[in-house]
There are 2 protein chains.
Amino acid sequence: MARTTGSHSDITGPRIRAAALRLFARHGFAAVSMRQIAAEVGVQAGALYNYIPDKQSLLFSLMQSHMEELLAARAAQDVPGDALARLEAFVRFHIRFHLERRDAVFIAYMELRNLSSENFAAVEALRRTYETTLEQVLQDGVTEGVFAIPDIRIAARAVIAMLNGINTWYRVGGPMPLDAVEAVYWDMVRKAVGG
Amino acid sequence: MARTTGSHSDITGPRIRAAALRLFARHGFAAVSMRQIAAEVGVQAGALYNYIPDKQSLLFSLMQSHMEELLAARAAQDVPGDALARLEAFVRFHIRFHLERRDAVFIAYMELRNLSSENFAAVEALRRTYETTLEQVLQDGVTEGVFAIPDIRIAARAVIAMLNGINTWYRVGGPMPLDAVEAVYWDMVRKAVGG
DNA sequence: GTCTATACCCAGATAGAC
DNA sequence: GTCTATCTGGGTATAGAC
């Protein structure tokens with residue numbers, strides 16, 4: 001018979017993170033209480049502090065993990081090749097990765113102002129690194145003569161902003177297959193950079 | 001000599017709205033207290049309730065006003081003409097309007113989940129109406145044969161998302177003139193729709 | 001219309017028993 | 001590692017004097 005009290009260190013930690021991710025995404029960091037998170041996990045509020053030093057560290061940890069997973073996945077995905085193919089791969093990767101992690105993506109964009117300045121700087125550095133991986137592809141394409149882009153940095157931001165917009169309206173299981181979404185956005189991105 | 005207490009109904013109301021707009025944009029709706037707003041205005045918290053029924057009505061009112069001003073400005077700006085010119089006008093209008101009202105724009109996009117379902121529906125309808133004014137231009141351009149767009153609705157959303165991204169990085173008074181920003185984004189939008 | 005005072009409730013975080 | 005109990009502070013909103 002299961003104990004209702006005792007040691008659960010290896011499962012409670014991840015469950016706290018999962019519950020916080022869901023609740024922060026749904027209601028916002030400031031609107032979610034530690035007691036709500038604890039209730040979702042099935043422990044008392046005080047028990048959370050065996051796993052996290054405070055609420056804000058929990059937020060930062062969630063954002064940092066998300067960004068690091070994003071960067072790792074991006075690094076594994078960006079294989080050598082011509083710039084046009086690499087840009088298409090970026091677009092499709094970005095769409096899929098971000099649709100698979102809506103909660104984390106939502107938090108990463110909406111809760112930046114709830115980070116301390118040091119934590120903000122750390123997350124911002126990771127975000128900037130991701131942006132740079134796209135800039136590199138765009139720059140290579142310009143060098144190869146296949147892209148026509150007046151401002152690389154702005155173009156990278158514009159592409160990412162455009163793709164991030166998908167999360168606000170696309171519903172998995174809806175009428176439009178993911179492949180079709182990718183194709184439509186890839187068409188627009190390709191044209192926008194003159195490819 | 002100025003009274004420190006008494007009647008100020010015609011100035012206190014707007015000051016409450018201005019303070020709330022600024023504080024909500026900076027710290028988030030849930031993180032801002034009525035006491036903070038009152039302190040910013042220079043009254044006690046209880047006095048706020050002479051002007052607003054509750055905190056959420058204040059948020060809704062700010063968002064609704066913003067969207068209505070946006071729609072009014074858009075209606076005044078969209079003059080007849082060829083689709084390419086109207087699209088350029090939309091892009092330049094959207095950029096300028098949104099950069100001039102960063103706080104309201106930020107709130108309108110970030111605080112939707114803090115609205116009651118009725119209030120959310122009202123704001124969403126206004127947002128959708130704005131989106132439709134862009135769709136109309138895109139549709140006209142396709143009909144005229146000057147645009148090549150696989151999906152009008154997605155294209156409109158993509159353009160708006162791309163342009164909204166400007167607010168996250170552009171700083172008025174920074175190294176880049178507004179004209180240059182408009183030109184770069186117009187170049188990308190024009191190409192993206194095949195114009 | 002604004003004030004003071006307060007009702008009522010919940011927040012984050014900690015202490016010490018088990 | 002989790003519990004119960006609690007500290008301390010602050011939240012929205014209202015009541016009634018001025």
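Treat the numbers as computed from the prediction; the structure is a model and nothing was measured. In what follows, chains are A, B, ... by sequence order, proteins preceding strands, each numbered from 1.
- Dashed line: the shortest gap from a side-chain N or O of B:Q44 to OP1 or OP2 of C:dT4 is under 4.0 Å.
- Of the candidates C:dT4, C:dT2, D:dT2, C:dT2 carries the atom nearest the B:A47 side chain, counting heavy atoms from C-beta on.
- Distance CZ (A:R15) to P (D:dT2): 10 Å, rounded to an integer number of Å.
- Side-chain atoms of A:Y185 and A:H94 include no donor-acceptor pair closer than 3.5 Å.
- Annotation: A:F90 is not in aromatic contact with A:F97 [ring centroid separation under 6.0 Å not met].
- Looking at B:R17 and B:S65, their side chains do bring a donor and an acceptor atom within 3.5 Å of each other.
- Rounding to whole angstrom units, CG of residue B:L58 and P of D:dA13 are separated by 10 Å.
- You'll find that the side chain of A:D54 is closest to C:dA13, out of D:dT14, D:dC3, C:dA13.
- Of the N and O atoms on the side chains of A:D54 and A:S57, at least one donor lies less than 3.5 Å from an acceptor on the other residue.
- In this structure, A:I16 atom CD1 and D:dT2 atom C1' are separated by 11 Å, rounded to whole Å.
- In this structure, B:V32 reaches the sugar-phosphate backbone alone: every heavy-atom distance under 4.0 Å involves primed, P, OP1 or OP2 atoms, never a base.
- Comparing D:dT12, D:dG1, C:dA13 against the side chain of B:M34 picks out D:dT12 as the nearest.
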Next item on the list: Run the numbers on A:E88 and A:R190 for salt bridge (charged side-chain N to carboxylate O under 4.0 Å, His left out), then give the verdict.
Entry: CA-CA 8 Å; A:E88 178 173 2; A:R190 182 181 51 75; over 6 Å; no
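- A:I52 places its CD1 atom 10 Å from the C1' atom of C:dA13, with the value rounded to the nearest Å.
- Between the side chain of B:R35 and the base of D:dG10, no donor-acceptor pair of N or O atoms lies under 3.5 Å.
- A close approach under 4.0 Å does occur between a side-chain nitrogen or oxygen of B:T12 and OP1 or OP2 of C:dT2.
- As a whole-Å value, the separation of B:L48 CG from D:dA13 C1' is 11 Å.
- Within the structure, every side-chain polar atom (N or O) of B:Y49 is placed at least 4.0 Å from both OP1 and OP2 of C:dG1.
- Distances shorter than 4.0 Å separate some side-chain N or O of A:S33 from OP1 or OP2 on C:dA11.
- Between the CG atom of B:N50 and the P atom of D:dG16 there is a distance of 15 Å, rounded to whole Å.
- Atoms CZ (A:F29) and P (C:dA11) sit 13 Å apart, rounded to a whole Å.
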